[in-house]
Amino acid sequence: VTGTEITGLAAGTYNVRFAAKAKYDASPVAEVIVPEFTYEVIFYDEDGLTVLETLNVEEDDMPVPTVVPTKAATAEYTYTFAGWTPALAAATEDTNYKATYTAAPVNYTLTWVIDGTEIPGVACAFGTEITALLNPTPREGYTFNWDVVFPLTMPASDLTITGTWTANEYTITYMVDELQDGDVET
């Protein structure tokens, strides 16, 4: 080592001997202590405010959190821990990490009932588009109707949609010699 700066030493204690000048008989020895550098690494929940864990990590070591973040499910979604942002990296400075989650829609049962006959329910994820069953095969003299206007997407609850066939009503007018002879409703 030459000059006034010592670089590249790991943490620890070193004895350094300085070169003697011509007028000195002995070389002076100095003890140099190289401190360990540690950095504060804080892990936050996704809100960026709730501290989940704080670690003191030595320089160039990888922070290893012991906490596994969780997020409560809602009626619409369940959540799975997806990782940290930014991505974990070796400690070179004080660093903050924030938890991220993957949302998965909750499944609910969609059931169709036509004229009292239930079509087996099907699992539908919250928010998925609901498409009507095709109207059943036409029946002469009947009109098919869904009993409600159903939502365009699956709500956060089970849903039953009912359809019915209704007999068409007709009015028959009897004419005799181009004169009306009466009305009969059927």
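Side chains are part of it too, since the values below use all heavy atoms of this structure and drop only hydrogens, waters and symmetry mates. Everything quoted here is computed from the prediction, not taken from an experiment.
- Between the side chains of Glu53 and Thr66, at least one donor N or O lies within less than 3.5 Å of an accepting N or O.
- Minimum heavy-atom separation, Gly141 to Tyr170: CA-OH, 4.0 Å.
- Contact record, Pro65 with Leu88: CD-CD1, 4.1 Å, taken as the closest heavy-atom pair.
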Quick one, Thr38 with Val57, criterion side-chain contact (heavy atoms from CB on, under 4.5 Å). Give me CA distance, side-chain angles, the key distance, then yes/no. CA-CA 5 Å; Thr38 59; Val57 180; over 6 Å; no

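- The nearest pair of heavy atoms linking Leu52 to Trp84 is CD1-CH2, 4.1 Å.
- Closest of all the heavy-atom pairs between Ala156 and Ala75 is CB-O, 3.8 Å.
- Atom OH of Tyr108 is separated from atom CG of Leu159 by 12.0 Å, given to the nearest 0.5 angstrom.
- Side-chain atoms of Asp61 and Tyr39 form no donor-acceptor pair, as typed in the model, at a separation below 3.5 Å.
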For the pair Phe43 and Thr54, evaluate side-chain contact (heavy atoms from CB on, under 4.5 Å) and give the outcome as yes or no after the intermediate values. CA-CA 6 Å; Phe43 294 91; Thr54 300; over 6 Å; no

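- Looking at every heavy atom in both residues, Lys98 comes nearest to Glu46 through CD-O, 3.2 Å.
- In this pair, Tyr79 and Tyr77 present their aromatic rings tilted. The plane angle is within the 30 to 60° band.
- A donor-acceptor contact shorter than 3.5 Å is absent between the side chain of Thr95 and the backbone of Val41.
- Under the 3.5 Å distance criterion, the side-chain polar atoms of Asp45 are left unmatched by any main-chain donor or acceptor of Asp47.
- Using modelled atom types, one side-chain atom of Asp115 and one backbone atom of Trp165 make a donor-acceptor pair closer than 3.5 Å.
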